[in-house]
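What follows is a set of notes on a single structure, which appears directly below.
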Amino acid sequence: MLKELQGRRIAILAADGVERVELDEPRAAVEEAGAAVEVLSITAGEIQARNHELEPAGTIAVDRTVGEVRVDAFDALILPGGTVNPDKLRVDDTAVAFVGDFVRSGKPVAAICHGPWTLVEADVVRDRKVTSYPSVRTDLRNAGATVVDQAVCIDGNLITSRSPSDLPAFCEAITEALASSPAQT
């Protein structure tokens, strides 16, 4: 990639319990393509990352809290998984409102594994086609989504994937979606 995302700003929204690889690989992919990335969270400082849900995987610096930013400051939003991470996000009103506003803005929103739980809470999956980790699929159906079992599902501005094994396709879908859409910030 020849820096086709130069000038783009990407937000990654995560909390304690984030699956490290699901944050690190998409961040690396968009940065390699020239985008600037900010890690947002519901608390300042650092968040605790995990490998395979249970193994500590160090910390990740938080650039700003979600309450300090506006949707119009970013071109895309990435929601990594890990079970604890989206569970913490979906009980935070500010995070849920940010995610809902981002989806409604029409800008790309990418969620992987358990990340779509926050989309459910924001009530933005009704009548949309999505995928996720198997244990989240019932919640998605109950929220009105059509659930598919494939590596990447793209429905309008929503990009979803099932698990870390889908990261190569997920990262490619994110960079392609951004490269083909005009900068919005």
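Evaluation of the salt bridge (charged side-chain N to carboxylate O under 4.0 Å, His left out) test over residues 43-59, restricted to residues two or more places apart or in two chains, returns none. The list of ring-ring contact (aromatic ring centres under 6.0 Å, His included) pairs with a residue in residues 126-178, not counting sequence neighbours, reads H114-Y133.
Using a 4.5 Å cut-off on side-chain heavy atoms (C-beta onward), V66 and L13 make contact. Side-chain contact check for D16 versus N85: every heavy-atom pair is 4.5 Å or farther apart. Between E22 and P164, some side-chain heavy-atom pair lies under the 4.5 Å cut-off. Side-chain atoms of I10 and E38, non-hydrogen and from C-beta on, never get closer than 4.5 Å to each other. Contact annotation: the side chain of W117 never approaches that of L79 to less than 4.5 Å [non-hydrogen atoms, C-beta and beyond]. Residues T146 and V130 fail the side-chain proximity criterion, which asks for heavy atoms closer than 4.5 Å.
Annotation: the span from I159 atom CD1 to E172 atom CD amounts to 11.0 Å, rounded to 0.5 Å.
No continuous path of hydrophobic side-chain contacts links V148 to V109 [ILVMFWY only; heavy atoms under 4.5 Å]. Hydrophobic clustering (side-chain heavy atoms under 4.5 Å, transitive across Ile, Leu, Val, Met, Phe, Trp, Tyr) keeps V96 apart from V124.
In this model, no donor atom of one side chain and acceptor atom of the other lie less than 3.5 Å apart for E121 and T118.
The backbone N or O of A29 lies less than 3.5 Å from no partner atom in the side chain of E32, so there is not a single donor-acceptor pair.
One finds a salt bridge joining D155 and R128 here, because a Lys/Arg side-chain nitrogen approaches an Asp/Glu carboxylate oxygen to under 4.0 Å.
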Between R70 and D101, is a salt bridge (charged side-chain N to carboxylate O under 4.0 Å, His left out) present by the stated rule, with each step listed? CA-CA 9 Å; R70 295 169 37 115; D101 289 346; over 6 Å; no
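For the pair K107 and F74, the NZ or CZ position fails the cation-pi test of under 6.0 Å to the six-membered ring centre and within 45 degrees of the ring normal.
Around atom CG of D93, no more than 12 heavy atoms belonging to other residues, nucleotides or ligands sit under 6.0 Å away.
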